[in-house]
Amino acid sequence: MKYVGLLLKNVRRNKRRTALTVLSVAIAVFLGASLRAVLQGFTGGTEASSAVRTVTLRKTGLFFFMPVTHVDAIRAAVPGVKHVTWASWFGGIYKDPNNFFAQFAIDPESYLRIYPEIQLPADQKEAFIADRTGAIIGEALARRFNLNVGDRMVLQVGIPVYGEQDYTFTVRGIYTPASSVIDNATMFFHWKYLDERSIVKGQTGFLVQELEDPDRATEIAAAIDQRFANSANETKTVTERQFQGTFVSMFGNLNLLLGSIGLAVIVTTLFVAGNTMAMSVRERTTEIAVMRTLGFSGRAIFVLVAGEAVMMAVVGAIVGGVLARVLVSNETLGMTGFIPPFGVSNGTLVEGLALGALIGVLAGLIPATLAARLKIVDGLRRVA
Amino acid sequence: MGLIGHYNLRSMFVRKVTALMTALGIAMVVAVFVMTLALAQGFRSTLIASGSPDNAIVLRKGSTSETVSGFGQDLVPIVETLPQVARDAKGLPLVSPELVLAVALPRVTDGQDANVPVRGVGPHAFAIRERLRFVEGRPFTRGLNEINVGRMATLRFRGLAMGETLSIAGRPWTIVGIFEGEDASFESEIWGDVDLMNPAFQRQGYQSITAKLVSRDAFDAFKAAIAADPRLNLEAQRENEYYAAQSVVMTTVIGVLGTFVTLILSIGAMFGAMNTMYAAVAHRIREVGTLRALGFSRGAVLLAFIAESTALAVIGGVIGCALALPLHGMSTGTTNMASFTEVAFKFRITPALLGAGVAFAAVMGAIGGLLPAIRAARLPISQALREI
């Protein structure tokens, strides 16, 4: 600790260089944290998924409907299932095709029971359930289109099977998601309203079950699929985690893409910061030799040089991390729609600081070792 | 130029380690830049390769993609008989009514289910898409439960090899041929007889009609004829323009992400270059003073240091391009947001992209070198010569 004063003096010696180095580390941490936030946005739904829920789709794929009578069949024939609900993807267009957001036609009562994560004031919930053309929207969606409870929303039909006429909804509630399983920019409305207008009746896109015992999920999923085996509408039931996982993997190998960009960011900064430290040590060769003559040990010199690198890197990391925390979210970046919501969490912030410190240690290691090993005679003999 | 060649470039080699570190920093930025653009370009060119300006695609009026289009079977004969539609040797119109759906199949790589597009096509589909060729087997026979699979799809998904039987919607379909088509998105698809797919998928009607036109110029008349017919609630687009529009969402997302990352990262690398050049100038104050005393103008010194920094960055740029180059031709896949199905495509690194990477590096170097070069040029001679 007694070297702190000396460290601060050294850092201030070449202010411009220090500033440039601090800023380049800040940029690295800023980018690292932003990429991580985006990745977490994509995988958040998977991680937060509940173990007690399973999802049933048509075996053929997401694009196919199944009769809603499957719900009763499951209630009647599959033990271990506490609740069942159903929903359909609507894919409508609100004003402009670019205003993309997810819309699901749901059976309000049973859906909200299975998804307590959709948090809604009790009066709004009641109003929604009571109104056949009512809808609830996520708070981010409400902000994006400046919608309030009581407002009308007209959606054009996107998928021809839902008829030709536009759908008019009344916003009955604005929900906040309690976990990232539920997106904060989705719209839910009554499946009954959809069914009335649809060309084919009594069809739904997928079912969701709540199980009594999460440990029996695989067994129950198999029992559900067995119930519809060899029928015209065979099903495939998976856990909520698997279901969310297929959506993440749809975007391609994000881990690899964002991971390799992140690696490039770190390596670039290492080169920049390491280079700076090497340069400043080289310039101070004579000075270091003098310090050694005065009795500073090799270890003290090592600590001084490495400490300087770590100090610059940590300051940079704090600047970059805080900036990322304040600036990065999909709303500030104007990226809404297909990209799930993201933001820099406290955990990511801490990781960013750790990353900064690591960059400092690695960048300072070689110059500090060289400085500590310097032979006094060589140092004194050298002219800058 | 003499000064740059003799003095600055040689000085760079004197400080090889520092110079190399700076160059490597820039190399990483250029590598990221080239990689993300190669991704966007690959996706774009895959979709663009799917369309031909000689073909027209007809969708329901106002539809932005096949997925949201739909119309009755009775409209096909009206389109078929338009005079702008090309005919084959037997005099039959080259028109393919189509239906696109998706089935869930596990990927070879991670075993996760992905949405693989299944396209029900008319008997002339292969004649209309001239670029498609069979690498194995033969086209499906009309009226039989036979299918053809694109080359990319056979490689990416399980159970799509030649001769295998695929169960779709409870019916068995035999794979009788594998086709390829210059990386077009059709290579990621499964094709079969539209008139069998319709009942199998419990659908009525079609989603699109693709027609080969008598000539490229006939398109305007074709479009006008469809718009003029009150029986048709349809709209024609050139096939290539349609597919180019399908790539916009995805290319924009990749483009925005890539630009965001590379721009910010390039600032970091520029700071690195700046540090290096400031140190270079500080080291060589006496040399700069000598040069000025010998009669080199401030402008020459300024230019020389900017050139040194630019050269350093260009070396970095070339290394960066070399780092990214192995990705060329590597195939990957993503979901095409316009159709919600998976499209396989290859990273495409074109000479123009490499040129852009090096140019980007040069700009970083020039900007990074500017301030240090100004400092070098502004040094008063007397003070510079006195410096130890």
Side-chain angles (χ1 to χ4, degrees), chain A residues 16-17 20-21 23-25 27-28 30-31 34-35 38 57 59-65 91 93 97 100 156-161 200 230 232 234 236 242 245-246 249-253 257 260-261 264-265 267-276 278-279 283 333 335 337-339 383-384, chain B residues 17-18 21-22 24-26 28-29 31-32 35-36 39 60 62 64 67-71 101-105 107 109-110 112-116 168-170 201-202 205 207 249 253 256-257 260-261 264-265 267-269 271-272 274-276 278-279 282-283 332-335 337 340 342 388:
Chain A
R16 183 175 46 216
R17 176 186 295 164
L20 288 175
T21 314
L23 283 178
S24 49
V25 176
I27 283 168
F30 177 80
L31 271 181
S34 317
L35 291 174
V38 172
L57 296 170
K59 196 177 174 189
T60 319
L62 211 54
F63 283 60
F64 298 87
F65 292 114
I93 299 157
F100 175 87
Q156 244 174 288
V157 173
I159 301 170
V161 76
V200 285
N230 296 317
E234 287 191 304
K236 184 173 178 190
Q242 288 168 314
T246 50
S249 75
M250 272 186 2
F251 290 91
N253 200 335
L257 180 70
S260 46
I261 293 177
V265 172
V267 173
T268 307
T269 326
L270 266 181
F271 284 132
V272 170
N275 207 4
T276 317
M279 280 191 291
E283 278 167 23
L333 295 179
M335 288 160 81
F338 286 109
I339 310 279
V383 188
Chain B
V17 179
T18 311
M21 295 264 265
T22 314
L24 284 179
I26 287 170
M28 297 309 289
V29 181
V32 172
M35 269 157 54
T36 49
L39 197 67
R60 185 180 66 160
T64 47
T67 330
V68 297
S69 169
F71 47 84
L101 286 153
V103 293
L105 290 174
R107 277 190 211 101
T109 44
D110 56 6
Q112 289 263 39
D113 276 357
N115 296 314
V116 185
I168 308 177
F201 289 139
Q202 298 153 8
Q207 286 173 324
V249 174
V253 169
V256 167
L257 180 74
F260 174 75
V261 171
I264 295 183
L265 192 52
I267 296 173
F271 287 163
M274 231 186 261
N275 260 342
T276 312
Y278 269 124
H283 255 264
T332 180
T334 188
T335 294
M337 285 309 159
F340 223 60
E342 185 146 309
I388 310 174

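So you know, we letter chains A, B, ... as the sequences are listed, proteins then strands, and number each from 1.
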- Message: Please classify the contact between B/Ala31 and chain A as side chain, backbone, both or neither, with a heavy-atom cut-off of under 4.5 Å.
- Response: neither
- Heavy-atom proximity to chain A below 4.5 Å, by part of B/Leu39: side chain
- Query: Among B/Ile26, B/Val116, B/Val68, B/Thr36, who wins on heavy-atom pairs under 4.5 Å with chain A?
  - Reply: B/Val68
- Item | Closest contact, heavy atoms only, A/Arg17 versus B/Ala279 | NH2-CB, 4.0 Å
- Message: Quick check on B/Thr332 against chain A: is it the side chain, the backbone, both or neither that has a heavy atom closer than 4.5 Å?
- Response: neither
- Message: Is any side-chain heavy atom of A/Thr268 closer than 4.5 Å to one of B/Val32?
- Response: no
- Item | chain B contact via A/Ile93 - side chain, backbone, both or neither, heavy atoms under 4.5 Å | neither
- Message: Only pairs of heavy atoms separated by less than 4.5 Å count here; which of B/Val17, B/Leu24, B/Asp110 has the most with chain A?
- Response: B/Leu24
- Over all heavy atoms of both residues, which pair between B/Met28 and A/Ala264 is shortest? Give the atoms and the distance, please. CE-CA, 3.6 Å
- Ranking B/Gln207, B/Arg107, B/Glu342 by heavy-atom pairs under 4.5 Å to chain A gives rank one to B/Arg107
- Query: If you measure from CD1 on B/Ile264 to CG on A/Leu31, what distance do you get to the nearest 0.5 Å?
  - Reply: 5.0 Å
- Using non-hydrogen atoms only, which part of A/Leu270 is less than 4.5 Å away from chain B: side chain, backbone, both, or neither? neither
- Looking only at heavy atoms, which two atoms of B/Ser69 and A/Pro160 are closest? And how far apart? O-CG, 3.4 Å
- B/Asp113, part contacting chain A, at a heavy-atom distance under 4.5 Å: both
- Pick one of side chain, backbone, both or neither for B/Val103, based on which atoms fall under 4.5 Å of a heavy atom in chain A. both
- Query: What pair of heavy atoms forms the shortest contact from A/Phe271 to B/Met21, and how long is it?
  - Reply: CB-O, 3.6 Å
- So which of A/Glu234, A/Arg16, A/Met279 has the biggest tally of heavy-atom pairs under 4.5 Å with chain B? A/Arg16
- In this structure, CG of B/Asn275 is separated from CG of A/Asn275 (nearest 0.5 Å) by 8.0 Å
- To the nearest 0.5 angstrom, please state how far the CD1 atom of B/Ile168 sits from the NZ atom of A/Lys59. 12.0 Å
- Note on the structure: Distance col, row A/Leu257:CG vs B/Leu257:CG, nearest 0.5 angstrom, shows 7.0 Å
- Task: Applying side chain to side chain contact (heavy atoms under 4.5 Å, CB included) between B/Phe271 and each of A/Ile27, A/Thr276, A/Thr21, A/Thr269, report the one that passes.
- Result: A/Ile27
- Approximate separation, where rounding is to 0.5 Å, of B/Gln112 CD and A/Gln242 CD: 8.0 Å
- Of the backbone (N, CA, C, O) and the side chain (C-beta and beyond), which part of A/Ala278 lies under 4.5 Å from a heavy atom of chain B, both, or neither? neither
- Message: Just so I understand: if I count every heavy-atom pair under 4.5 Å between each of B/Gly70, B/Gly25, B/Gly272 and chain A, which residue has the most?
- Response: B/Gly25
